[in-house]
Amino acid sequence: MQQVNAFANKAGKEQTATLVEVRNLKKYFRSQSSSAFHKQYIKAVDDVSFNILRGETFGLVGESGCGKSTLGRAMIYLHQPSDGKVIFDGQELQELKPQELKNFRKKMQFIFQDPSASLNPRINIGNILLEPFRIHRVGSRQERQEKIKYLLERVGLSAYHLSCFPHELSGGQKQRVGIARALALNPQLIICDEAVSALDVSIQAQVINLLEDLQQDFSLTYMFISHDLSVIHHISDRIAVMYLGKIVELGNHQEIYEQTLHPYAQALISAIPHTELDHAKERILLKGDVPSPVDPPLGCRFHTRCAQATTKCSMEEPNLKHISAEHYVACHIYA
Ligand code: SF4
């Protein structure tokens, strides 16, 4: 896949350098129905390649179960990849020894979908925020306390919350604690995995605005994973559309929303409420369910649901092809 080396993001600021390179990444899980004689694998992420540029928000969108979260976790080795490479800030992660990888993780943080499940209910917020400093042995006692108070204020909470336990906070407050924890060690990349999906709509907007402010102030790069196209539309500079373990379309914000090419991406975009797009799109309804990742269809994985499928689509898998400056699509229509 061709490298994307520069683009202007939604704010018009030019991004130039690659922070993360993902090359032919695969993550397979052994299926529960697997036996010693018949091994079966869930191909959650299957040969995925893309770059994330410094300072951008890279959106990853697709239906539930398409492999988005697994891809995010495999990228920072929370799941050991089955194959492929991740090069972060020039360092190939696979080459790192466990202790080196642990140190490197300071640069890559994760915000989880469910703020209630991601915070230890038995310890107070002060101790939850102390954990990253303890684990990585960063700062003196006084420096840690000062940084924690600063981070709490920066995410819209206060020193009052230090002694609170997670169950005493609202969902939005808990996610703010999750964001403060992710910021603690001055990361370069934060992967936000459905970070606002569990929140009420009004709170979602506040948390998204907070993330956008923090991106500027802390020079952060985001990978924003969501099934919600409205959220991805609002926050992302470039967007990858994922289907059944594969990226099927990748492009900048305008290309994905106004010049959508892949039939699956067209169906997803058509589902966005008209008020959120410049031009109303006719709703395309997809038929059938997403096939099993244990036994994905041969050829194009979308052919069982695609209204434009031909015989070739069921026999030959389309590669991700370069269409224009930053636009890529995996579909035989654009051969
Ligand atoms: Fe549809 Fe064929 Fe394109 Fe796949 S390759 S999206 S089945 S037209």
Side-chain angles (χ1 to χ4, degrees), residues 1-2 4 22-28 41-51 58-72 83-84 225-230 232-233 236 238-272 277 279-335:
M1 186 180 147
Q2 185 174 323
V4 177
V22 176
R23 292 284 162 263
N24 308 108
L25 197 70
K26 295 182 183 176
K27 180 61 192 174
Y28 295 176
Y41 293 93
I42 300 165
K43 296 174 179 174
V45 176
D46 201 8
D47 200 2
V48 164
S49 299
F50 60 95
N51 292 348
F58 184 90
L60 182 63
V61 69
E63 289 165 289
S64 297
C66 72
K68 314 181 291 292
S69 296
T70 305
L71 172 56
D83 199 4
I225 298 171
S226 181
H227 69 281
D228 186 337
L229 275 146
S230 302
I232 291 286
H233 175 56
S236 307
R238 286 191 307 137
I239 296 149
V241 180
M242 199 164 175
Y243 184 79
L244 208 57
K246 298 267 188 191
I247 287 180
V248 296
E249 186 161 355
L250 170 63
N252 67 30
H253 183 271
Q254 188 189 8
E255 287 163 339
I256 293 294
Y257 284 93
E258 292 173 21
Q259 297 143 31
T260 325
L261 297 176
H262 195 281
Y264 173 65
Q266 287 170 346
L268 284 187
I269 304 291
S270 77
I272 299 182
L277 291 176
H279 309 290
K281 306 219 183 228
E282 192 181 333
R283 183 79 196 263
I284 303 167
L285 289 174
L286 288 177
K287 295 196 178 108
D289 295 326
V290 182
S292 165
V294 175
D295 189 17
L298 294 175
C300 172
R301 292 185 178 193
F302 187 57
H303 84 261
T304 54
R305 303 171 80 194
C306 181
Q308 299 177 60
T310 63
T311 312
K312 183 180 181 185
C313 301
S314 59
M315 296 166 62
E316 200 179 305
E317 186 171 340
N319 294 319
L320 202 58
K321 288 197 188 78
H322 185 217
I323 300 295
S324 61
E326 299 163 34
H327 204 169
Y328 299 80
V329 67
C331 173
H332 291 311
I333 294 173
Y334 308 98

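When a ligand or atom number is given, it counts from 1 through the structure's own listing order. Numbering of residues begins at 1 and proceeds along the displayed sequence.
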**Item:** Any residue meeting side chain to side chain contact (heavy atoms under 4.5 Å, CB included) with Thr70, in chain and number order, not counting sequence neighbours
**Value:** Lys27, Phe29, Ala44, Val45, His79
**Request:** Identify the residue among Ile225, Val61, Leu71, Val248 that makes a side chain to side chain contact (heavy atoms under 4.5 Å, CB included) with Met242.
**Result:** Leu71
**Request:** Hey, can you tell me if Phe58 and Phe50 have their rings parallel, tilted or perpendicular (30° and 60° cut-offs)?
**Result:** parallel
**Request:** Provide the protein N, O or S atoms situated under 2.8 Å from atom 2 (Fe) of ligand 1; waters are not included.
**Result:** Cys313 SG
**Request:** Would you kindly say whether His253 and Glu258 are connected by a side-chain donor-acceptor distance under 3.5 Å?
**Result:** no
**Which of the ligand 1 atoms, numbered from 1, are nearer than 4.0 Å to a heavy atom of His262** = 6 (S)
**Request:** Flag yes if more than 12 heavy atoms outside Ile284 fall under 6.0 Å of its CD1 atom; otherwise flag no.
**Result:** yes
**Message:** Could you tell me if the side chain of Pro263 sits less than 4.5 Å from the side chain of Ile333, heavy atoms only?
**Reply:** yes
